[in-house]
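Data first, discussion second: the structure below is written as structure tokens.
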Amino acid sequence: MRLGVAMPAALSALAGGTVAWYSHTAGVTPNAFGWVLVAALLGMGWRPRIGIWLLVGAWVFIGVQKEWGSRLPAGLGGEDIAVEATVLTAQPVGSATRLLLSVDKCQSALIIRGQRPSCSALGKVRITAYSDALFEPGEQWQMTLRLRPPSGFANPDTFNYEQWLWREGIHATGYLRQEPAPVRLSPADPTLRQLALDFLARKPLDARTKRWLAALTLGDSEQLTQDDWSLLNATGTTHLVVISGLHVGLVASFVLMLAKLGARFTTPTHWRMSTWPWWLAALACVGYATLAGMAPPAMRAMVMTLVGLWVLSGRHAPGPWQGWWLALALVLLFDPLALWRPGMWLSFIAVAWLIIIWQGRSRPQGIKGWCWALVRSQLLLAPLMAAAVLVAFGRVAPAAPLINLVAVPWVSSVMVPTALLGWLLSPIPLAGEAVWWLFEQALSVFNLLLTLAVQHWPLWEPDRPLAYPLALALLLLSLCWGLPAVPPGLRLTATALVVALSWWPLSSSLPPHTLSVSVHDVGQGQLIELRSENYRLLYDTGPRFRSGFMPLEALWSPGQKFDQVIVSHADNDHAGGIGALLADHQVKQWLAPAGEALPVPSSNCQRGQHWERDGVSYRILWPPAGSNDFSANDRSCVLEVSVGEQRLLITGDVGTEVERRFLREVDLPVSVLVAGHHGSGTSSGIQFVRHASPEHVVFSAGRGNPFHHPVDSVVRRFRQQGSCLWSTAHDGALRFRLNAAQPIQIETMRPVPGRRNQC
């Protein structure tokens, strides 16, 4: 590739990926785009540069389209599929094991008979194995899987799991079937990386030291615990752990320094003209990235380091910006899905900004010069990266600028060198362990520094209305201080703007006599949040899965405060998230039916209770006092909420018989009904549906749930009453407001065109 086409080629790659994303909904296939390949080849004969641009764009387009085509067909969701697969990773999760598999062959009786679409294109799948079998990376297994197309919960301002599956190239998720039992077809072929991990596991080192060595030197960041990641996220130092340009660049720089020293002694007269030290550094760069598993961050760092070595060599080398565009084009060619990885954009934004702030400046000289260069780079980089992280993840680590001033040189000059030196000396008895002991002490200092920083400057997640203005202010601050010839007054103004926004007291976005309701998407369970101006209530807490994961964990940052939590009853799909509330949040009062075994003291909810907050009235319609003769479902707390003439009714899991008992106590009209028992046929009886005749009905159910909630008979009853039907399984989280002065408008996380008009 000629350097003159580096930038157009990168833009073509970006355009190819973007067009592929948007054309997926239009039904464009790689075969249809084959004509562009033909045009690219013809164009190369006419205008080589234009042909190269078209070829690059077509390559990325087809790569992205291929990923779409590899996803599990919807017709195979929930069906048993027999596969032969190779284990890529095996991670213990509680009593289960989470496996990432590369599917070599898949089949199903329904596929063979032509009753279901083929799964021949299926590539990577992520499953949970509740099995006693031991899985090791590299092994090939025959197993039966229950899969579903990649999907995730759709809740506002939360981690997008479905998007993460997409950018990681995972084509289906599910679990391992116990019957028939999985069969190991072949053992794992030994790889250098796995041998290194096994060697490290046998060393008499502290568990924390082992997992950090594995993450820093071998790219196995999955060994880090959730506490490790929380500490890194809260201090803005995650980039120091993932195999990145820092680690690959250090290896390449160290090898280049030794090679140049060797060239100086072997060819003292013309050692500066020797090219082999640069080639050796490039080889070390590729070798280290391969040892680290060539995961996307390592591959990206390798490409950027190789281009950087070329730029610094000065031999027919591109300029910094040409190298930047060339690296971007190569990364997208090797990994088209990198276009959707925030880490790639953070890396390239950081490098671009470093080029801008150092372009035209002389190289630092001496220790004092390099120290000042490091301080200047970190201070000018910090606000820009804070703005990027705020837009991408909705959070800011206030301590990041100061912490990185210390952490970056500490990790790059002490921790990583001692970690790598320990590997080099590991064949010598006790030598490697002695160096790793030094690494352990350095890690302790690093961990103490981060812990103290979090205690004084915890992770901050600003309210959404403030996030984008603050990000723009941080960007302005970075530009004012990083670009030359900016008036001092403008720099001080940008600084004052960031400080003012950081301390800006946002008033409640809810006016008086208004209730905001969020029916969160938590799968086959229920969690409803009700907020007014000065009051916050949860009805149910969502489920807890067999792996131990609770969807409530992903909804809010720690430290939330709730005035009341009503647990309708103790079933897992309603009370499973209590543990997450106890661990991370504060609750003033718990309400639950008498006789329900909950892991927290609670007051009884019973018929006749009522209260009012911020002009919103709350009333418990069921259960009556002394209702221990009823089943757990029929003891559910039934809550009615009123704002003027608008009403919300939540019936828990009560059955049709109980519905008839409190039917006459329901105030009409019912604006929104959260249907009982997720839309099960045991609830929403004909008499209740006709009497309530709700304007809107919400089913809180899981996508592709095995109970087929909501069932057809219940759906038909509500449709006959003219109700507008919504389901978290298809619409994602649902949000609406009760306000006497405004009609109810339902907002969804998965909007369907024209749906609002139909309702």
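Annotation: the span from His730 atom NE2 to Asp521 atom CG amounts to 11.0 Å, rounded to 0.5 Å. Of the inter-residue distances, the one linking Arg167 atom CZ with Leu337 atom CG reads 10.5 Å to the nearest 0.5 angstrom. Rounded to the nearest 0.5 Å, atoms CG (Leu326) and CH2 (Trp310) are 6.0 Å apart. From Trp726, atom CH2 reaches atom OG1 of Thr748 across 6.5 Å, with rounding to the nearest 0.5 Å. Here the CE atom belonging to Met7 is positioned 10.5 Å from the OG atom belonging to Ser12, to the nearest 0.5 angstrom. Ser727 contributes atom OG, which lies 10.0 Å from atom CZ of Arg703 (distance to the nearest 0.5 angstrom).
Residues that satisfy the ring-ring contact (aromatic ring centres under 6.0 Å, His included) test with Phe348, not counting sequence neighbours, are Trp324. With sequence neighbours left out, the side-chain hydrogen bond (donor to acceptor under 3.5 Å, both in side chains) criterion links Thr237 to Thr235. By the side chain to side chain contact (heavy atoms under 4.5 Å, CB included) test, Thr290 is found to be paired with Val286, Met294, residues two or more places apart in sequence or in another chain being considered. Considering only residues two or more places apart in sequence or on other chains, Trp212 meets the ring-ring contact (aromatic ring centres under 6.0 Å, His included) condition with Phe446. Residues passing the salt bridge (charged side-chain N to carboxylate O under 4.0 Å, His left out) test with Glu136: none are found, sequence neighbours excluded. Qualifying side chain to side chain contact (heavy atoms under 4.5 Å, CB included) partners for Pro73, counting only residues two or more places apart in sequence or in other chains: Leu76, Pro117. Every residue meeting the side-chain hydrogen bond (donor to acceptor under 3.5 Å, both in side chains) condition with Arg177, not counting sequence neighbours, appears here in chain and number order: Asp80. With sequence neighbours left out, Asp228 forms a side-chain hydrogen bond (donor to acceptor under 3.5 Å, both in side chains) with Arg211, Thr225. Scored by the ring-ring contact (aromatic ring centres under 6.0 Å, His included) test, His678 finds His574 as partners (sequence neighbours excluded). Remark: Arg148 engages no residue in a side-chain hydrogen bond (donor to acceptor under 3.5 Å, both in side chains) (not counting sequence neighbours). Taking the ring-ring contact (aromatic ring centres under 6.0 Å, His included) definition, one finds that Trp141 meets it with Phe135, sequence neighbours left out.
Judged purely by atom type and a 3.5 angstrom limit, Arg146 uses its side chain to pair as donor or acceptor with the backbone of Gly78. Remark: the backbone N or O of Thr158 is not paired with any side-chain donor or acceptor of Asn155 at under 3.5 angstrom. Gln524 contributes a side-chain N or O that, together with a main-chain N or O of Gly702, makes up a donor-acceptor pair within less than 3.5 Å. Under the 3.5 Å distance criterion, the side-chain polar atoms of Thr728 are matched with a main-chain donor or acceptor of Ala701. Gln163 contributes no side-chain N or O that, together with a main-chain N or O of Asn160, makes up a donor-acceptor pair within less than 3.5 Å. In this structure, Arg735 contributes its side chain and Met749 its backbone to no donor-acceptor pair below 3.5 Å.
Figure legend: Arg544 and Phe549 shown without cation-pi pairing, the cationic atom not lying both under 6.0 angstrom from the six-membered ring centre and within 45 degrees of its axis.
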For Leu218 and Leu197: C-alpha separation, side-chain torsions, deciding distance, then whether side chain to side chain contact (heavy atoms under 4.5 Å, CB included) applies. CA-CA 8 Å; Leu218 300 175; Leu197 288 171; 3.5 Å; yes
Using the rule given for ring-ring contact (aromatic ring centres under 6.0 Å, His included), can you reason through Trp340 versus Trp164, listing the C-alpha separation, both sets of side-chain angles and the distance that settles it, and then say yes or no? CA-CA 9 Å; Trp340 289 272; Trp164 179 84; over 10 Å; no
Walk me through it: do Trp166 and Glu67 pass the test side chain to side chain contact (heavy atoms under 4.5 Å, CB included)? CA-CA 8 Å; Trp166 155 254; Glu67 288 296 324; 3.6 Å; yes
Full working for side chain to side chain contact (heavy atoms under 4.5 Å, CB included) between Ile170 and Val125: CA-CA 5 Å; Ile170 296 173; Val125 300; 5.5 Å; no
Go through it in stages, so that I can follow the logic: the residues are His171 and Trp68, the test is ring-ring contact (aromatic ring centres under 6.0 Å, His included), and I'd like the CA-CA distance, side-chain angles, deciding distance and then a yes or no. CA-CA 8 Å; His171 306 133; Trp68 283 116; over 10 Å; no
Please report the C-alpha distance between Lys124 and Val103 in whole Å, then the side-chain angles of each, then the deciding distance to 0.1 Å, and finally whether the side chain to side chain contact (heavy atoms under 4.5 Å, CB included) criterion is met. CA-CA 6 Å; Lys124 284 197 298 186; Val103 177; over 6 Å; no
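Surrounding CG of Leu195 are more than 12 heavy atoms belonging to other residues, nucleotides or ligands, all under 6.0 Å away. Annotation for Phe334: atom CZ does not count as buried by contact number, only 12 or fewer foreign heavy atoms lying within 6.0 Å.
No side-chain heavy atom of Leu474 sits less than 4.5 Å from a side-chain heavy atom of Leu384. Within the 4.5 Å cutoff, side-chain heavy atoms of Met304 are placed close to those of Val351. Here the side chains of Gln194 and Asp189 are not in contact, with every heavy-atom distance at 4.5 Å or above. Residues Trp325 and Leu330 form no side-chain contact, since every pair of their non-hydrogen atoms from C-beta on lies 4.5 Å or further apart. Side-chain contact check for Ser120 versus Cys106: every heavy-atom pair is 4.5 Å or farther apart. Using a 4.5 Å heavy-atom threshold, the side chains of Ile127 and Met143 count as touching. Leu527 places a side-chain heavy atom less than 4.5 Å from the side chain of Leu552. Looking only at side-chain heavy atoms (C-beta outward), Met550 and Phe545 stay at 4.5 Å or farther from each other.
The minimum heavy-atom distance between Ala85 and Leu101, with the atom names listed, is CB-CB, 4.0 Å. Taking every heavy atom of both residues into account, Ala90 and Pro137 meet most closely at N-CG, 4.4 Å. Nearest heavy atoms, Leu14 versus Trp345: CD2-CH2, 3.6 Å. Summarising the geometry of Leu332 relative to Ala13, their closest heavy-atom pair is CD1-CB, 3.7 Å, with the distance given to 0.1 Å. When every heavy atom of Ser700 is checked against every heavy atom of Gly525, the shortest pair comes out as OG-O, 2.7 Å. In this structure, Ala471 and Leu390 approach most closely via the heavy-atom pair N-CD2, 3.6 Å.
Among residue pairs with one or both ends in residues 324-345, those qualifying as salt bridge (charged side-chain N to carboxylate O under 4.0 Å, His left out) are Glu168-Arg341, Asp335-Arg341; sequence neighbours excluded.
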